[in-house]
Amino acid sequence: GMLREASWLLCGCCSRRCVRAALSGCQMQGWHWLAAGLGQQEKDCPEQLMRARYSAFCLSLNDFLIDSWDPAHCPARADLEGAGPLWLALEILDSGQDADTGMVRFHATFFEQGKFPQLQELSRFHHDGHHWRYVDGDAEWQTLTPGRNSLCPCGSGKKIKRCCTA
């Protein structure tokens with residue numbers, strides 16, 4: 001399906017099939033451009049930064065990931081290099097902030113080796129006086145086990161047998 005052939009056309013934050021150059025219908029249009037280094041918008045809240053970082057993971061935009069990480073917790077660039085999984089869907093479950101700390105609880109699903117692992121994380125953010133930065137998170141992993149007639153976890157609305165595993 002389209003996911004395997006042109007995953008870079010996927011909108012990482014809303015799981016719609018947006019063309020990166022047009023992104024019509026995507027609520028986070030400006031954040032995609034920010035993640036791609038084409039805009040200088042302030043990240044208004046931890047949830048918007050989380051969505052932008054998810055898009056950056058989808059598109060392997062490591063410069064944006066490093067720039068949006070709290071420097072005290074940022075991994076080495078080499079740890080981010082290489083082919084990552086095919087991210088399929090992001091679901092924000094909860095978010096909040098006060099003056100300089102924030103949190104986002106989310107599920108992120110990806111496709112890898114014929115399976116659908118899902119990251120469940122409570123992410124922590126810090127505002128450094130200029131920008132929100134990702135600090136760290138408490139992560140749990142599970143593997144989804146949809147049946148052949150279940151809807152695909154990618155959010156396409158198609159049955160799994162006619163979508164990602166076809």
Side-chain angles (χ1 to χ4, degrees), residues 1-36 38 43 45-66 68-69 75 77-96 102-125 134-166:
M2 182 179 169
L3 285 172
R4 287 190 309 240
E5 295 162 14
S7 62
W8 64 273
L9 293 176
L10 292 179
C11 170
C13 74
C14 68
S15 300
R16 293 187 184 137
R17 285 161 176 75
C18 304
V19 177
R20 204 168 126 201
L23 296 173
S24 59
C26 176
Q27 296 176 357
M28 298 299 292
Q29 180 174 0
W31 297 103
H32 293 285
W33 292 114
L34 178 67
L38 300 171
K43 298 160 221 56
C45 67
E47 182 177 335
Q48 287 181 329
L49 177 57
M50 182 70 243
R51 290 179 184 280
R53 285 179 53 83
Y54 179 83
S55 293
F57 272 108
C58 291
L59 300 169
S60 298
L61 299 173
N62 296 333
D63 288 341
F64 178 81
L65 291 170
I66 290 170
S68 63
W69 228 302
R77 178 176 290 280
D79 294 342
L80 297 173
E81 299 295 331
L86 176 58
W87 292 99
L88 300 176
L90 173 67
E91 179 183 4
I92 303 293
L93 304 173
D94 190 21
S95 65
M103 59 71 74
V104 178
R105 184 182 312 275
F106 68 91
H107 291 165
T109 306
F110 59 97
F111 186 69
E112 188 173 61
Q113 298 176 351
K115 298 185 184 217
F116 294 95
Q118 185 179 73
L119 166 63
Q120 301 175 25
E121 183 173 304
L122 173 60
S123 295
R124 286 178 284 280
F125 296 83
Y134 172 78
V135 176
D136 60 16
D138 297 323
E140 295 180 19
W141 296 88
Q142 72 175 11
T143 299
L144 303 178
T145 54
R148 283 180 41 80
N149 289 316
S150 299
L151 293 180
C152 188
C154 76
S156 68
K158 296 180 183 178
K159 290 186 178 182
I160 196 166
K161 66 185 178 184
R162 301 201 189 293
C163 196
C164 292
T165 61

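Along the sequence shown, residues carry numbers from 1.
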Heavy atoms, side chains only, cut-off 4.5 Å: are [X] and [Y] in contact?
X    : Y    : value
P75  : W69  : yes
E121 : V104 : no
L119 : F106 : yes
E112 : L86  : no
M50  : S123 : yes
T109 : E91  : no
F116 : F111 : yes

- Neighbour count >12 (heavy atoms, 6.0 Å) for atom CD, Q142: yes
- Message: Taking atom NZ as the centre, does K158 end up with more than 12 heavy-atom neighbours from other residues, nucleotides or ligands that are less than 6.0 angstrom away?
- Response: no
- Query: For the residue pair G96 and P46, what are the closest heavy atoms and their distance?
  - Reply: O-CG, 4.2 Å
- Minimum-distance pair of heavy atoms, taken over all atoms of L151 and G157: CD2-O, 3.4 Å
Once you round to the nearest 0.5 Å, how far does [atom1] of [X] lie from [atom2] of [Y]?
X    : Y    : atom1 : atom2 : value
L90  : R51  : CG    : CZ    : 5.5 Å
Q113 : T143 : CD    : OG1   : 10.5 Å
S150 : K161 : OG    : NZ    : 10.5 Å
S95  : L49  : OG    : CG    : 12.0 Å
C58  : F110 : SG    : CZ    : 11.5 Å
R105 : E47  : CZ    : CD    : 13.5 Å

- Task: Could you give me the CA-CA distance, side-chain angles and deciding distance for D63 and R77, then say whether side-chain contact (heavy atoms from CB on, under 4.5 Å) is met?
- Result: CA-CA 9 Å; D63 288 341; R77 178 176 290 280; 2.6 Å; yes
- Under 3.5 Å donor-acceptor, Y54 side chain and A89 backbone: yes
- Item | Side-chain donor or acceptor of R148 paired with backbone N/O of I160 under 3.5 Å | no
- Item | For R124, salt bridge (charged side-chain N to carboxylate O under 4.0 Å, His left out) partners two or more places apart | D136, D138
